[in-house]
Amino acid sequence: MWVPVAGLPQRLTLSASSGAGRLCLWRSGAARWKDVPARNRRGLSDIQPQLLRGQDFRELPSRPSKCGVESKRYLTSPRLAETVVQFLLKEDDPCKLVLECNPGPGILTQALIQGGARVIALESDRTFIPHLESLGEQLGGKLHVVHCDFFKLDPRSFGVVKPTVDSRVLLQDLGIETLSWAKGIPLKVVGIFPAKNEKKLIWKFLHDIYSCTSLYRYGRVELNFFMNETDCQKVMANPQNRNLYQALSVLWQVACEVKLLHTEPWSSFDRHAQGGQLGKPECREPLEQQTQQNLCFVQFTPRRNLFTQNLTPVNYDVFFHMLKQCFLKRNAKLIHQLHSLSPVDAEVILKKIRQKGTTKITDMYPADFKRLFETIERSKDYSCKWLYDDFMEDVIV
């Protein structure tokens, strides 16, 4: 039964009321939990910015790192630092402004500046601040050091995060200028994803890109991160890697040009030890981390043509919802999934996107999914273009 959008969660209400992605409630998911594994029953994208007020990023309290709770990895190899610089600073690239996350001892920081970059170092551990500030004095004002945690910028609602940092305050104080989406890269970010929250952060950045919030208020900010090999494979998967291919893969590849620049053994990175020393932690690491052989250095460059008349920062959440529903039954035929996605005639849609009735979800490339979404959005003969299934709001795929 279809009903008006009044029952939609806050995350989808804006898209529905704007008319960009009109939604109808399809059915309640209460009776459908039995079809979904327990591990999938978690919210994926129902997250709204929830900044805690009254906290200045320049006055963040220092808390000691606890092994196994908030473990950080640091780049301490000059050889690896030079490799990273070669990827980030090319002669024909006009963007020389780099925001470095948790530089620690500053090995990469120094290499970046020597390579011609201006560096903003965001360090969350107060232990390293004096050394970094001293390094900045030696390097002629090309290094600006700020004590804050980049990975707590503009937190969304997967738990209360303290302390919080508002990117608008931070970047305004640093004099970062906005570039329109159609122009170049205003800023490059480089760092290492924290192992504890890597998956949540990967999703957070996706929402930031599509909604043009947080750093992406300033334009097409380029991310350059070391991440674990498994997550890298998922992000870069396509129909040729069906077992790894998922909604995450589609969303990143539609949003960005994704490049695997380098792989480095996990053992090449030092871990933070108590008292500000770098080395191997005394406590035993989880088995998953012990068996992870490589960290992958991946570049995410937002596409100039990401947004169109039919995919915008207003209706992007409907695109997310469509992909979640598609990949819940990843081996199904697309035509069957279309009946639960939209009241628009499925055969007409397939013809317009040049797909066959036998096409499966995992046969569709990221560009095909974007074309599918935009085709449904362009449909003019239907007052309701999307069927919203509230069951999907508690499912992660």
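All heavy atoms count here, side chains included; hydrogens, waters and symmetry mates do not.
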Closest heavy-atom pair and its distance - [X], [Y]:
{"X": "Ile107", "Y": "Leu75", "answer": "CB-O, 3.8 Å"}
{"X": "Cys384", "Y": "Trp386", "answer": "SG-O, 3.2 Å"}
{"X": "Leu122", "Y": "Pro103", "answer": "O-CD, 3.5 Å"}
{"X": "Gly184", "Y": "Leu179", "answer": "O-CD1, 3.6 Å"}
{"X": "Gly357", "Y": "Ile335", "answer": "O-CG2, 3.7 Å"}
{"X": "Ile192", "Y": "Phe225", "answer": "N-CD2, 3.9 Å"}

Checking [X] side chain against [Y] main chain: does a donor-acceptor pair fall under 3.5 Å?
{"X": "Glu123", "Y": "Gly104", "value": "yes"}
{"X": "Glu222", "Y": "Val189", "value": "no"}
{"X": "Glu374", "Y": "Leu372", "value": "no"}
{"X": "Ser211", "Y": "His207", "value": "yes"}
{"X": "Arg220", "Y": "Trp181", "value": "yes"}
{"X": "Gln337", "Y": "Cys326", "value": "yes"}
{"X": "Thr312", "Y": "Thr308", "value": "no"}
{"X": "Arg303", "Y": "Ala255", "value": "no"}
{"X": "Asn294", "Y": "Cys296", "value": "no"}
{"X": "Thr301", "Y": "Cys256", "value": "no"}

Within-4.5 Å side-chain heavy-atom neighbours: [X] and [Y]:
{"X": "Asp208", "Y": "Leu215", "value": "no"}
{"X": "Ile129", "Y": "Glu133", "value": "yes"}
{"X": "Pro302", "Y": "Val221", "value": "no"}
{"X": "Asn331", "Y": "Ile361", "value": "no"}
{"X": "Arg330", "Y": "Phe327", "value": "yes"}
{"X": "Phe151", "Y": "Lys204", "value": "no"}
{"X": "Pro343", "Y": "Leu387", "value": "yes"}
{"X": "Thr375", "Y": "Val344", "value": "no"}

Gap between atom [atom2] of [Y] and atom [atom1] of [X] - 0.5 Å precision:
{"X": "Glu82", "Y": "Leu112", "atom1": "CD", "atom2": "CG", "result": "9.0 Å"}
{"X": "His131", "Y": "Phe128", "atom1": "NE2", "atom2": "CZ", "result": "9.0 Å"}
{"X": "Asp166", "Y": "Asp154", "atom1": "CG", "atom2": "CG", "result": "5.5 Å"}
{"X": "Leu261", "Y": "Gln86", "atom1": "CG", "atom2": "CD", "result": "11.5 Å"}
{"X": "Asn224", "Y": "Leu99", "atom1": "CG", "atom2": "CG", "result": "11.5 Å"}
{"X": "Asn315", "Y": "Asn310", "atom1": "CG", "atom2": "CG", "result": "8.0 Å"}

Applying the 4.5 Å side-chain criterion to the ILVMFWY set and letting contacts propagate, would [X] and [Y] be lumped into a single cluster?
{"X": "Val348", "Y": "Ile353", "value": "no"}
{"X": "Val258", "Y": "Leu244", "value": "no"}
{"X": "Trp203", "Y": "Phe319", "value": "yes"}
{"X": "Phe205", "Y": "Ile185", "value": "no"}

By the side-chain hydrogen bond (donor to acceptor under 3.5 Å, both in side chains) test, which pairs, at least two apart or in different chains, include something from [range]?
{"range": "residues 91-105", "result": "Asp93-Lys188, Glu100-Thr109, Asn102-Ser124"}
{"range": "residues 361-370", "result": "Gln240-Tyr365, Arg242-Thr362, Arg242-Asp363, Asp368-Arg371"}
{"range": "residues 343-355", "result": "Gln355-Thr359"}

Between Phe369 and Phe373, is the ring centre distance below 6.0 Å?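 That pair fails the under 6.0 Å test.
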Go through the steps to decide whether Leu350 and Leu334 satisfy the test side-chain contact (heavy atoms from CB on, under 4.5 Å), and finish with yes or no. CA-CA 9 Å; Leu350 286 180; Leu334 176 62; 3.6 Å; yes
Evaluate side chain to side chain donor-acceptor pair (under 3.5 Å) for Ser167 paired with Arg217, printing each intermediate quantity in order. CA-CA 9 Å; Ser167 63; Arg217 295 186 187 96; 3.3 Å; yes
Does the salt bridge (Lys or Arg N to Asp or Glu O under 4.0 Å) test come out yes or no for Glu264 and Arg79, once each step is laid out? CA-CA 11 Å; Glu264 186 72 18; Arg79 171 195 57 80; 2.5 Å; yes
Kindly indicate, with the supporting measurements, whether the criterion side-chain contact (heavy atoms from CB on, under 4.5 Å) is fulfilled by Gln110 and Leu143. CA-CA 9 Å; Gln110 189 166 355; Leu143 171 62; over 6 Å; no
Sequence neighbours excluded - ring pair (Phe, Tyr, Trp, His ring centres under 6.0 Å) pairs with any residue from residues 86-109: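 Sorted result for residues 86-109: empty, none.
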Residue pair Gln299, Leu223: steps toward the side-chain contact (heavy atoms from CB on, under 4.5 Å) verdict: CA-CA 6 Å; Gln299 184 176 83; Leu223 301 180; over 6 Å; no
Carboxylate-amine/guanidinium contact Asp270 Arg73, below 4.0 Å: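 Not counted as a salt bridge, because no side-chain N and carboxylate O are separated by less than 4.0 Å.
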Take Phe320 and Tyr210, measure what ring-ring contact (aromatic ring centres under 6.0 Å, His included) needs, and give me the verdict at the end. CA-CA 10 Å; Phe320 278 48; Tyr210 279 90; 5.1 Å; yes
For Glu257, give me all partners under salt bridge (Lys or Arg N to Asp or Glu O under 4.0 Å), at least two apart in sequence or on another chain.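 Glu257: salt bridge (Lys or Arg N to Asp or Glu O under 4.0 Å) contacts with Lys259.
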Can you tell me which residue among Phe226, Phe193, Phe297 is in a ring-ring contact (aromatic ring centres under 6.0 Å, His included) with Phe269?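 So the option named by the test is Phe226.
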Stepwise side chain to side chain donor-acceptor pair (under 3.5 Å) check, Glu229 with Thr263: CA-CA 8 Å; Glu229 196 166 18; Thr263 57; over 6 Å; no
Worked verdict on Val235 versus Phe300 for side-chain contact (heavy atoms from CB on, under 4.5 Å): CA-CA 10 Å; Val235 165; Phe300 303 90; 3.8 Å; yes
According to side chain to side chain donor-acceptor pair (under 3.5 Å), who are the partners of Glu198, at least two apart in sequence or on a separate chain?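 Here the qualifying residues are Asn228.
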